[in-house]
There are 2 protein chains.
Amino acid sequence: MNIGETARASGVSAKMIRHYEHIGLIRESSRTFSGYRQYNERDVHLLRFIRRARDLGFSLEQIRQLLSLWDDPERASADVKHLAEAHIADLDARIAALSEMRATLVALAQACHGDHRPDCPILQGLAAPPDS
Amino acid sequence: MNIGETARASGVSAKMIRHYEHIGLIRESSRTFSGYRQYNERDVHLLRFIRRARDLGFSLEQIRQLLSLWDDPERASADVKHLAEAHIADLDARIAALSEMRATLVALAQACHGDHRPDCPILQGLAAPPDS
DNA sequence: CTTGACCTTGCCATGATGGCAAGGTTTATG
DNA sequence: CATAAACCTTGCCATCATGGCAAGGTCAAG
């Protein structure tokens, strides 16, 4: 299987497959005589794993850890759970930060009448120190 | 006022002040004979505005627009409100995306007993197509 | 044999920020 | 005054994950 087909099958772009190989996230693939990378179903499976982890917001470094756990049939499920929980905490922090921004912005926007008049509490709120 | 003091007063690092100047977000400052950038209170005010907008998650390009609205005493408050509301929608989308990741991950983590046993639904969930 | 679809490598760009290096300036201190 | 510390300058590199483009090689179908 060439890289293009592999990309379509896994949902990871050819560009990214090469990149993952380059940074050592996946092993170097075998090559045809003329240098084309060759993949099999197991590779597609692995790439799908990576793709799903990316979709869940794991960084490539975290995925590197997940993969080493995935590869290790002896590892404790607690190890994986710890990684997942750390990532959940990370997501929580990001969600909280965005929610706070949102709340501030909504409050400013509500105070703005939003008509033809130039007077605007949003810009004033940005110009003055936040009260909270 | 030198750039270091300006940075401390505005909460924008000296590095970023130079960067904002470089990309044309702020005007080039005056310089001393020996080339040191010089700032005044108005510059600090402007930088604080930028800082707060960054804290609210506006991109530098959006801030560029905000600044041109800020500079224009004739503009309608509706213009500002539109920008703010578009950004709120953007925040909403990001919050929703992160929340979805979180929910999926929490479900996987809950199914994982997290003990010494190697069996782990988290890795299985990543390896198999998501059901949702 | 030509054309088009595919592959290769490698460099550049994104966005916002930090770091470092090599060098010039200013200020404070001995 | 001399020197050191603290500051400034520019410029390049790095981050993180990804896309784009270019120049060239390969393969399959017509």
Side-chain angles (χ1 to χ4, degrees), chain A residues 1-26 28-40 43-44 47-67 87 90-91 93-94 97-98 101, chain B residues 1-26 28-40 43-44 47-67 87 90-91 93-94 97-98 101:
Chain A
M1 199 161 34
N2 282 346
I3 200 171
E5 197 185 341
T6 308
R8 279 187 296 274
S10 65
V12 176
S13 73
K15 191 87 193 211
M16 281 301 101
I17 296 175
R18 294 191 196 99
H19 180 57
Y20 294 163
E21 179 185 305
H22 186 70
I23 65 174
L25 191 66
I26 61 180
E28 291 192 19
S29 76
S30 56
R31 304 276 188 133
T32 64
F33 178 72
S34 58
Y36 283 22
R37 288 176 181 79
Q38 287 302 120
Y39 300 95
N40 57 35
D43 297 320
V44 172
L47 287 166
R48 275 205 260 240
F49 181 101
I50 295 173
R51 177 67 209 278
R52 290 201 198 93
R54 288 290 304 132
D55 286 347
L56 288 179
F58 284 96
S59 72
L60 293 185
E61 280 317 302
Q62 288 172 314
I63 292 172
R64 200 188 292 273
Q65 294 183 265
L66 285 174
L67 288 178
H87 186 47
D90 196 64
L91 290 173
R94 284 153 68 187
L98 291 176
M101 291 180 200
Chain B
M1 197 160 36
N2 282 345
I3 201 172
E5 197 185 340
T6 308
R8 280 187 295 275
S10 65
V12 176
S13 73
K15 191 87 193 211
M16 281 301 103
I17 296 175
R18 293 192 196 98
H19 180 58
Y20 294 163
E21 179 185 304
H22 186 70
I23 65 175
L25 191 66
I26 61 179
E28 291 192 18
S29 75
S30 56
R31 303 276 188 134
T32 64
F33 178 72
S34 59
Y36 283 22
R37 287 176 181 80
Q38 287 302 120
Y39 299 95
N40 57 35
D43 297 320
V44 172
L47 287 167
R48 275 204 261 241
F49 181 101
I50 295 173
R51 176 67 208 277
R52 290 200 199 93
R54 289 290 304 131
D55 286 346
L56 289 179
F58 285 96
S59 71
L60 293 185
E61 279 317 302
Q62 287 172 314
I63 291 173
R64 201 187 290 274
Q65 294 183 266
L66 285 174
L67 288 177
H87 186 47
D90 197 64
L91 291 173
R94 284 153 68 188
L98 291 175
M101 292 180 199

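Letters A, B, ... mirror the listed sequences (proteins, then strands); counts begin at 1.
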Atom [atom1] of [X] and atom [atom2] of [N]: how far apart are they, to the nearest Å?
X	N	atom1	atom2	answer
B:H19	D:dT9	NE2	C1'	18 Å
B:F58	C:dA16	CZ	P	13 Å
B:E21	D:dT10	CD	P	8 Å
B:H22	C:dG18	NE2	C1'	16 Å
A:R18	C:dC11	CZ	C1'	14 Å
B:Q38	C:dT26	CD	P	10 Å
B:E5	D:dA6	CD	P	17 Å
A:L25	D:dA17	CG	C1'	12 Å

(message) Please determine whether a side-chain nitrogen of the Lys or Arg among B:R64 and B:E61 lies less than 4.0 Å from a carboxylate oxygen of the Asp or Glu.
(response) yes

Would you mind classifying the nucleic acid contact of [X] as base, sugar-phosphate or nothing, using non-hydrogen atoms under 4.0 angstrom?
X	value
A:R54	sugar-phosphate
B:Y20	sugar-phosphate
A:F33	nothing
B:R37	sugar-phosphate

(message) Judged by each residue's nearest nucleotide on DNA chain D, which is more toward the 5′ side, A:M16 or B:G4?
(response) B:G4

(message) Closest-nucleotide mapping onto DNA chain D: is A:S34 or B:A14 further toward the 5' terminus? I mean the 5' end.
(response) B:A14

Below 4.0 angstrom from OP1 or OP2 of [N], is there any side-chain N or O of [X]?
X	N	result
B:T32	C:dT25	no
B:R31	C:dG24	no
B:S13	C:dT17	no

(request) Specify the closest pair of heavy atoms between B:A14 and B:I3, including all atoms of both residues, with the distance to one decimal. (result)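 Distance-wise, the nearest heavy atoms are O-CD1, 3.6 Å.
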
(message) Counting C-beta onward and ignoring hydrogens, is there a side-chain heavy-atom pair between A:R48 and A:V12 closer than 4.5 Å?
(response)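 No, their side chains stay 4.5 Å or more apart.
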
(request) Please examine the side chains of A:R51 and A:M16, heavy atoms only from C-beta on, and report whether any two atoms are closer than 4.5 Å. (result) no

(request) Return the 5'-most residue of the pair B:L60, A:I3 with respect to DNA chain C, ranking by each residue's nearest nucleotide. (result)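 The residue whose closest nucleotide sits nearer the 5' end is A:I3.
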
(message) Nearest 0.5 Å, please: how far is OH in A:Y20 from CD1 in A:I26?
(response)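 So the CD1 of A:I26 and the OH of A:Y20 are separated by 9.0 Å.
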
(request) Spell out yes or no: do the side chain of A:Y36 and the base of D:dC27 have one donor N/O and one acceptor N/O closer than 3.5 Å? (result)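 For A:Y36, whose side chain was compared with the base of D:dC27, there is no donor-acceptor pair (under 3.5 Å).
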
